[in-house]
Amino acid sequence: MEELTPETWRRLLRRPPACADVPLYGPLLAADAFALGRLAQSLDGYIALPDGRSQWISGPEDIAHTHRVRALSDAVVVGAGTVRADDPQLTTRLCEGPSPVRVVLDPGLSLSPTHRVFDGTVPTLVVAAETAPATARIGAAEVLRIPGTRNALDLAALRAALRARGLRRLFVEGGGKTVARFLAAGVLDRLHVTVAPMLMGGGIPAFPLPPIDSLGEAPRYAWAVHPIGRDILLDIALGPG
Ligand SMILES: NC(=O)c1ccc[n+]([C@@H]2O[C@H](COP(=O)([O-])OP(=O)(O)OC[C@H]3O[C@@H](n4cnc5c(N)ncnc54)[C@H](OP(=O)(O)O)[C@@H]3O)[C@@H](O)[C@H]2O)c1
């Protein structure tokens, strides 16, 4: 990955057009809006152990990278499974820059208000199905109801609802089910997949998607490969078709 000097990073934070020449971050900032999915996985395609532990699969350089992308995003999106397993803060702490709005997909409003994402330190939305219990807040977070079912929130409607609130740059930070559902719904523009040179033998899969009948049906992508510490980061632009 390109070396980021403090000056380069400050230039990135000022956003385009000054940043278009930085390979990993330039495409994000050149876009008026984006939804970027991100996962760190083992060589054999797992993002966590069977019991949900995932800290850490990728190295410190990749963790710093996720903080940089947070700083460049308007909102960071995670599924309820990640909040239950990791109790993350989802703030920008390892680089300069603002923390994005936190968006948690919790269709049945089942999460405890004691999780750190609900602590009110950063504006936070909990996304629920329209059929979820009539609750206006979880902790300090506002509940946002969108169309869809308890098992399948309408992610295009979510993107539109976030856009209406001025949240155009979305960082979908996990876990596997959440990123896979954004991918399957065709509402992701880009993927950053970091592959760590390790084998886990089992666990929570990176992309739990429905099986295909023949290899010809498998979507294939072009990627740019960035070494990042001991890992590699695959940057995939998800074009139409
Ligand atoms: N290695 C990495 O990069 C990485 C990153 C993040 C997390 N993780 C790990 O991944 C694990 C969690 O991943 P996961 O795949 O099990 O869960 P997840 O994606 O974090 O959350 C899945 C849950 O979020 C809700 N959800 C997400 N999208 C939805 C949609 N379109 N419609 C309806 N509900 C939706 C559902 O909640 P309900 O359950 O309420 O239905 C669903 O079960 C944890 O162990 C965490 O440590 C790893």
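All ligand and atom numbering here is 1-based and tracks the order in the structure.
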| message | Only heavy atoms of Ala85, strictly under 4.0 Å: list the atoms of ligand 1 that pass. | response | 44 (C), 45 (O), 47 (O)

| request: Select one of side chain, backbone, both or neither to describe which atoms of Val78 lie under 4.0 Å from any atom of ligand 1, heavy atoms only. | output: neither

| What is the nearest protein non-hydrogen atom to atom 25 (C) of ligand 1, stated with its residue, atom name and distance? | Leu105 O, 3.5 Å

| message | With a cutoff of 4.0 Å, is Gln41 in contact with ligand 1, counting heavy atoms of the residue only? | response | no

| What atoms in ligand 1 come closer than 4.0 Å to a heavy atom of Asn151? | 32 (N), 33 (C)

| query | For ligand 1, is any non-hydrogen atom under 4.0 Å from Ile204's backbone (N, CA, C, O), its side chain (CB onward), both, or neither? | reply | side chain

| Within-shell test, Arg150 vs ligand 1, heavy atom, strictly < 4.0 Å | yes

| Got the closest protein heavy atom to atom 17 (O) of ligand 1, with its distance? | Gly81 CA, 3.8 Å

| request: For atom 36 (C) of ligand 1, grab the closest protein heavy atom and report residue, atom and distance to one decimal in Å. | output: Pro107 CD, 3.9 Å

| atom 45 (O) of ligand 1: nearest protein contact (heavy atom, Å) | Gly52 O, 2.6 Å

| said: Taking side chain to side chain contact (heavy atoms under 4.5 Å, CB included) as the definition, give me every residue that meets it alongside Asp154, ordered by chain and number, with sequence neighbours left out. | reply: Pro147, Ala156, Ala157

| Quick one: does ligand 1 sit under 4.0 Å from the side chain of Asp86, the backbone, both or neither, non-hydrogen atoms only? | side chain

| message | List ligand 1 atoms under 4.0 Å from Arg38, heavy atoms only on the residue side. | response | 3 (O)

| remark: Near Leu39 (heavy-atom distance under 4.0 Å), the atoms of ligand 1 are 3 (O)

| request: For Glu173, take its heavy atoms, then give the atoms of ligand 1 lying under 4.0 Å from any of them. | output: 5 (C), 6 (C)

| If you measure from OH on Tyr46 to OG on Ser54, what distance do you get to the nearest 0.5 Å? | 15.5 Å

| Qualifying residue, where the test is side chain to side chain contact (heavy atoms under 4.5 Å, CB included) with Ile138 and the options are Val117, Val126, Thr114 | Val126

| field | ligand 1 contact on Arg84 by region, counting heavy-atom pairs under 4.0 Å | value | side chain

| query | side chain to side chain contact (heavy atoms under 4.5 Å, CB included) with Asp87: which residues, sequence neighbours excluded? | reply | His115, Arg116

| query | Got a second to check how far Arg70's CZ is from Gln89's CD, nearest 0.5 Å? | reply | 8.5 Å

| For Leu155, atoms of ligand 1 separated by under 4.0 Å from a heavy atom | 31 (N)

| task | State the CZ-CG distance between Phe182 and Asp189, to the nearest 0.5 angstrom. | result | 11.0 Å

| field | Reported CZ-to-CG distance for the pair Arg137 and Leu125, which is rounded to 0.5 angstrom | value | 9.5 Å

| request: Report yes if Ala48 has an N/O atom closer than 3.5 Å to an N/O atom of ligand 1; otherwise report no. | output: no

| task | Scan Ile228, Ile232, Val195, Ile57 and name whichever one has a side chain to side chain contact (heavy atoms under 4.5 Å, CB included) with Asp62. | result | Ile228

| said: My understanding is that we take every heavy atom of each candidate and find the minimum distance to atom 23 (C) of ligand 1. Doing that for Gly37, Ala80, Ser42, Ser58, which one comes out nearest? | reply: Ala80

| task | Give the residue and atom name of whichever protein heavy atom lies nearest to atom 32 (N) of ligand 1, and the separation in Å to one decimal. | result | Leu153 N, 2.9 Å

| message | Take a 6.0 Å sphere around CG of Leu215 and say whether it holds more than 12 heavy atoms from other residues, nucleotides or ligands. | response | no

| task | Going by heavy-atom distance to atom 12 (C) of ligand 1, choose the closest among Val77, Thr82, Asp51. | result | Thr82

| What distance do Met200 atom CE and Gln41 atom CD have between them, rounded to the nearest 0.5 Å? | 10.0 Å

| Of all the non-hydrogen atoms in the protein, which one sits nearest to atom 26 (N) of ligand 1, and at what distance? | Arg181 NH1, 3.7 Å

| field | ligand 1 contact by Ala152, heavy-atom criterion under 4.0 angstrom | value | yes

| field | Residue and atom name of the nearest protein heavy atom (relative to atom 1 (N) of ligand 1), distance in Å to one decimal | value | Ala40 O, 2.8 Å

| field | Lys177, portion touching ligand 1 at heavy-atom distance under 4.0 Å | value | both

| request: Examine Phe171 together with His67 and report whether their ring centres are nearer than 6.0 Å. | output: no

| query | Under 6.0 Å from the CZ atom of Arg93, do we count more than 12 heavy atoms belonging to anything else shown? | reply | yes

